[in-house]
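See below for the structure under consideration.
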Amino acid sequence: MESNDDSAGPRCLVTGATGYIGGRLVPGLLEAGHRVRCLARSPEKLRDHPWAGEVDVVKGDVTDAESVGAAMRGIDIAYYLVHALTAGPGFEKTDSEAARIFGEQAKAAGVRRIVYLGGLTPAGVPVGELSPHLRSRAEVGRILLGSGVPTTALRAAVIIGSGSASFEMLRYLTERLPVMVTPSWVSTRIQPIAVRDVLRYLVGSAHMPADVNRTFDIGGPDVMTYRDMMQKYAQVAGLRHRLILPVPMLSPGLSSHWVGLVTPVPASIARPLAESLRYEVVCHEHDIAEHVPDGPGQPFSFATALSLALQRVREARVTTRWSSASTPGIPSDPLPTDPEWAGGSLYTDVRELDVNASPEALWRVVEGIGGDNGWYSFPLAWAVRGWLDRLIGGVGLRRGRRDAQRLRVGDSLDFWRVEELQPGRLLRLRAEMRLPGLAWLEMYAEKGEDGRSRYRQRAVFHPAGLLGHAYWWSVSPFHAVVFGGMARNIARAAARGAAGGPL
């Protein structure tokens with residue numbers, strides 16, 4: 001991707017390209033004629049994106065000065081789009097340290113501009129009273145603005161787009177609860193913004209004059225309460241008017257669990273979203289338009305943003321989702337090679353079946369697993385496991401799929417994540433549910449005899465301590481039903497599909 005052609009567009013570094021905004025910003029920058037490099041902890045998660053062959057991907061982490069410095073070489077514009085959405089011990093310190101490293105390395109490399117997307121903070125509220133996440137985002141912006149590199153710090157409240165956490169929370173609350181008891185924050189005034197406008201401002205910020213070093217509030221034209229947003233969603237989606245009853249005693253902590261039970265967004269992510277709604281978050285200026293002019297109908301109205309997002313959902317064209325980025329605290333280790341397990345404990349459950357269908361027909365079933373299609377065995381057991389996972393703070397089953405038919409490495413799939421994908425042959429999933437150990441599920445579609453295929457399935461579990469061993473032996477009696485049933489039903493579905501019946 002490297003080029004010495006000065007007539008080409010600016011060279012942009014994008015952090016957070018595996019996330020919701022970053023995964024959409026990259027194609028926007030390419031379309032604008034910019035050259036793009038992505039810094040990623042796991043570069044393999046980007047390999048299946050449509051634009052992967054058009055960018056330079058380097059391995060690194062924003063907390064590692066050496067890798068950030070190497071990624072900054074030759075860069076004109078550096079986009080900082082990383083943030084720990086779920087709280088963990090010391091996350092504010094980690095955020096600040098990463099921002100400091102990013103700013104220092106950008107200055108050392110001669111980067112012309114840093115562009116940062118943070119959160120809109122309420123006016124007149126002392127920093128100490130802000131939620132930890134809003135406080136951290138404000139501190140990151142302050143560090144980057146003081147880095148010595150001209151910085152554009154965009155501040156947005158609620159971002160509305162297909163697959164965004166805010167949109168999914170709004171969508172599921174409104175669609176599933178025609179009558180709802182809600183936290184008092186539903187009466188807080190908010191200024192939402194369409195994701196398309198956010199991306200337009202991000203791309204346009206690459207061309208700001210060198211003397212611009214400041215924050216910009218960005219929002220749509222509508223200022224409304226969350227209650228108004230739910231009623232407008234119902235109207236745009238063709239639903240009946242919702243009855244909403246605010247209850248003051250529902251704290252952000254309690255309301256996050258309520259959101260976690262009703263929507264696909266787990267409580268760990270719902271909490272910072274809920275905390276950000278405690279105070280009025282409204283833009284106090286629209287100076288961004290001086291540098292990134294708004295066209296006709298821009299920024300989009302809330303109703304238009306909803307319509308565009310719903311259209312994308314209905315057409316199954318959701319390019320990134322809130323779950324695109326890995327959730328901190330969940331297992332992320334790749335499946336090790338066999339020699340590394342020498343002398344260690346590793347439990348497996350292996351199933352193999354001949355299938356009266358071509359490998360292509362079998363693969364269509366394998367790649368379509370999860371989401372609305374389910375897991376092809378004992379639905380009640382999967383549902384109970386998903387609910388239990390939610391109750392102990394896990395992601396549960398309701399994340400679903402980004403695309404109903406196609407997967408790519410890095411996709412979340414219910415409470416799994418795609419770790420490896422060899423089209424037509426192998427799908428490996430890594431478990432992200434709460435477990436006393438690490439777990440994977442592999443599914444193979446292989447060529448058999450006489451035009452048939454062979455299905456091979458392997459569940460792998462690496463226990464963590466005595467509890468992990470006890471867990472495996474406690475659930476192993478059910479494997480014949482769950483894993484055996486899955487293998488048989490996948491084979492039957494492939495055979496039906498090959499015969500022209502429903503999968």
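This is a predicted model, so every value here is computed, not measured.
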Would you give the length of the straight line joining atom CZ of R430 to atom CD of E442, rounded to the nearest 0.5 angstrom?
13.0 Å
From L13 CG over to I77 CD1, what is the distance, rounded to the nearest 0.5 angstrom?
11.0 Å
Pairwise ring pair (Phe, Tyr, Trp, His ring centres under 6.0 Å) hits with a residue in residues 209-232, at least two apart:
W185-Y226, F216-H291
Tell me if a side-chain donor or acceptor on R113 pairs with a main-chain N or O of V212 at a distance below 3.5 Å.
yes
How about CD on E31, more than 12 heavy atoms from neighbouring residues, nucleotides or ligands closer than 6.0 Å, or not?
no
Is it true that R417 and E419 make a salt bridge, defined as a side-chain N closer than 4.0 Å to a carboxylate O?
no
Measuring from I218:CD1 to I159:CD1, what's the distance to the nearest 0.5 Å?
6.5 Å
Is any NZ, NE, NH1 or NH2 atom of the basic residue among R214 and D287 found under 4.0 Å from an Asp or Glu carboxylate oxygen of the other?
yes
Can you tell me if R242 uses its side chain to pair, donor with acceptor, with the backbone of T174 under 3.5 Å?
yes
R37/D56 ion pair, N-O < 4.0 Å
yes
Salt-bridge test for E44 and R47: reply yes if a basic N is under 4.0 Å from a carboxylate O, no otherwise.
no
Pairing donors with acceptors under 3.5 angstrom, does anything connect the side chains of T225 and R189?
no
Are the side chains of Y20 and V195 in touch, meaning some heavy atoms are under 4.5 Å apart?
yes
Would you check if L429 and L413 make a side-chain contact, meaning some heavy-atom pair closer than 4.5 Å?
yes
To the nearest 0.5 Å, how far apart are CG in D403 and CG in D411?
8.0 Å
Once you round to the nearest 0.5 Å, how far does CZ of R196 lie from CZ of F300?
6.0 Å
Test side chain to side chain contact (heavy atoms under 4.5 Å, CB included), reference L120, set V281, T215, I190, output is V281
Nearest non-hydrogen partners of S162 and R24, listed with the distance
O-NH2, 2.6 Å
Within the 3.5 Å criterion, strictly below it, is a donor on T304 or S301 matched to an acceptor on the partner's side chain?
yes
Short side-chain donor-acceptor distance under 3.5 Å, D61 and S67:
no
Using modelled atom types only, decide if a donor and an acceptor are shared between the side chain of Q235 and the backbone of K232 within a distance under 3.5 Å.
no
E104 bridged to R100 by N-O distance under 4.0 Å:
yes
Under 3.5 Å, is there a donor-acceptor pair between the side chain of Q191 and the main chain of C283?
yes
Report, one line per pair, each donor and acceptor closer than 3.5 Å where one atom sits in a side chain of residues 201-210; sequence neighbours left out.
residue: Y201; atom: OH; partner: D294; partner atom: OD1; Å: 2.8
residue: S205; atom: OG; partner: Y201; partner atom: O; Å: 2.6

D217 bridged to R155 by N-O distance under 4.0 Å
yes
Distance from Y172 atom OH to L170 atom CG, nearest 0.5 Å?
12.5 Å
Take I193 and I160 through the side chain to side chain contact (heavy atoms under 4.5 Å, CB included) test and state the conclusion after the steps.
CA-CA 6 Å; I193 183 171; I160 299 298; over 6 Å; no
